[in-house]
K.L.:
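Sharing a structure below in structure tokens format, with a few things to ask.
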Amino acid sequence: QVQLVESGGGLVQAGGSLRLSCAVSGRTFSTLVMGWFRQAPGKEREFVASISWRAVRVSYADPVKGRFIISRDNVKKTLYLQRNSLKPEDTAVYYCAGRTGGTIGGGPDVYDYWGQGTQVTVSS
């Protein structure tokens, strides 16, 4: 059983920064392609970023390119999302997700494991 636990959410002012973490247990983390998704009220869950198991390749959604950075520490079994220059439209519940095999990117349906989500609110 794979468990993903996000942390680092909260309230931040527009223009600020915040780093999310996702601790993974129950499976060899280094073999998982990992991703971040978010879901705003009344909207579908959307892709934010993903990273290959060796962190060689990364992918970002257009709205976050140049502002967000995804990274991973395979020794600590932790996924990160550094978010800079935050905007009110970044307000959402952020989820980390993992998949066995496959490649970076993809929609929510290709990911096998999910965290419970962490709320991020960006005030204007």
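Just so you know, residue 1 is the first one in the sequence shown, and it goes up from there.
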K.L.:
Is any side-chain heavy atom of Phe29 closer than 4.5 Å to a side-chain heavy atom of Lys76?
P.N.:
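No, side chains not in contact.
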K.L.:
Count I, L, V, M, F, W, Y as connected when their side-chain heavy atoms are under 4.5 Å apart, and connections chain through other members. Are Leu86 and Val48 then in the same cluster?
P.N.:
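Yes; Val48 is reachable from Leu86 via cluster members.
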K.L.:
Which heavy atom in Phe68 sits nearest to a heavy atom in Arg83, and how many Å separate them?
P.N.:
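The pair with the smallest heavy-atom distance is CE1-CB, 3.5 Å.
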K.L.:
Working to the nearest 0.5 Å, report the span between CG of Leu79 and NZ of Lys77.
P.N.:
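If I round to the nearest 0.5 Å, the distance is 14.5 Å.
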K.L.:
Using a 4.5 Å cut-off on heavy atoms from C-beta on, say whether the side chain of Leu32 contacts that of Thr100.
P.N.:
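Heavy-atom side-chain distance check passes, below 4.5 Å.
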K.L.:
What distance separates Gln82 CD from Ile70 CD1, expressed to the nearest 0.5 Å?
P.N.:
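If I round to the nearest 0.5 Å, the distance is 12.5 Å.
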K.L.:
Would you find a donor on one side and an acceptor on the other, under 3.5 Å apart, between the side chain of Glu6 and the backbone of Gln116?
P.N.:
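Pair found, side chain donor or acceptor close to backbone of Gln116.
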K.L.:
Counting N and O atoms only, with roles assigned by atom type, does the side chain of Ser124 sit under 3.5 Å from a partner on the main chain of Pro88, one being a donor and the other an acceptor?
P.N.:
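Answer holds: no.
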K.L.:
Find out if a path of hydrophobic residues (ILVMFWY) with successive side-chain heavy-atom gaps under 4.5 Å connects Ile69 to Val120.
P.N.:
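Linked within one cluster.
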K.L.:
Between Pro108 and Tyr95, is any pair of side-chain heavy atoms under 4.5 Å apart?
P.N.:
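The answer is no; the side chains never approach within 4.5 Å.
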K.L.:
Any donor and acceptor pair, going by atom type alone, linking the side chain of Arg67 with main-chain N or O of Ser85 inside 3.5 Å?
P.N.:
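Yes; judged by distance alone, with no hydrogens or angles, the pair exists.
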K.L.:
Is there a donor-acceptor pair under 3.5 Å between the side chain of Arg72 and the backbone N or O of Ser52?
P.N.:
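Answer holds: yes.
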K.L.:
Find the distance between SG (Cys22) and CE (Met34) and round it off to the nearest 0.5 Å.
P.N.:
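Rounded to the nearest 0.5 Å, the SG-CE separation comes to 4.5 Å.
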K.L.:
Which atom names give the shortest non-hydrogen contact between Thr103 and Arg57, and what distance separates them?
P.N.:
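Where Thr103 meets Arg57 most closely, the heavy atoms are OG1-NH1, 3.3 Å.
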K.L.:
Taking a hydrophobic cluster as the set of Ile, Leu, Val, Met, Phe, Trp and Tyr residues connected by side-chain heavy atoms closer than 4.5 Å, whether directly or through intermediates, do Val5 and Val2 fall within one such cluster?
P.N.:
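The answer is no; the residues belong to distinct hydrophobic clusters.
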K.L.:
Between CD of Gln13 and CG of Leu18, what distance do you get to the nearest 0.5 Å?
P.N.:
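It comes to 12.5 Å.
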K.L.:
Considering all heavy atoms of both residues, which atom of Gly35 and which atom of Tyr111 are nearest to each other, and what is their separation?
P.N.:
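Heavy-atom minimum between the residues: N-CE2, 3.9 Å.
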K.L.:
Looking only at non-hydrogen atoms, find the nearest pair between Leu4 and Tyr113 and report the distance.
P.N.:
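So the minimum-distance heavy-atom pair works out to CD1-CB, 3.6 Å.
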K.L.:
Is there a side-chain contact between Tyr60 and Ile51 (heavy atoms, below 4.5 Å)?
P.N.:
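Sidechains of Ile51 and Tyr60: no contact.
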K.L.:
Is there a path of hydrophobic side-chain contacts, each under 4.5 Å between heavy atoms of I/L/V/M/F/W/Y residues, joining Val58 to Val64?
P.N.:
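Yes, one cluster joins them.
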K.L.:
Do Arg45's NZ or CZ and the ring of Trp114 fall within the cation-pi criteria of under 6.0 Å and 45°?
P.N.:
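Geometry flag: set, cation within 6.0 Å and 45°.
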K.L.:
Do Lys87 and Asp90 sit within salt-bridge range, that is, some charged N less than 4.0 Å from a carboxylate O?
P.N.:
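Between Asp90 and Lys87 there is no salt bridge, as every charged N stays at least 4.0 Å from the carboxylate O atoms.
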K.L.:
Could you see if Val12 belongs to whatever hydrophobic cluster contains Leu81? Use Ile, Leu, Val, Met, Phe, Trp, Tyr and a side-chain cutoff under 4.5 Å.
P.N.:
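Looking at the clustering, Leu81 is in the same group as Val12.
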K.L.:
Got a donor-acceptor contact below 3.5 angstrom from the Asn74 side chain to the Arg54 backbone?
P.N.:
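Pair absent, no side-chain N/O of Asn74 close to backbone of Arg54.
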K.L.:
Measure across Ser21 and Thr78 and return the closest heavy-atom pair with its distance rounded to 0.1 Å.
P.N.:
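Where Ser21 meets Thr78 most closely, the heavy atoms are CB-CG2, 4.2 Å.
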K.L.:
Considering all heavy atoms of both residues, which atom of Ser59 and which atom of Ile104 are nearest to each other, and what is their separation?
P.N.:
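Scanning both residues, the minimum pair turns out to be CB-CD1, 3.7 Å.
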K.L.:
Tell me yes or no: between the side chains of Arg38 and Tyr94, is some donor less than 3.5 Å from an acceptor?
P.N.:
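Side-chain D/A pair, Arg38 to Tyr94: present.
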K.L.:
Would you check if the side chain of Ser50 reaches a backbone N or O of Gly105 as a donor-acceptor pair within less than 3.5 Å?
P.N.:
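Here the side-chain-to-backbone pair exists.
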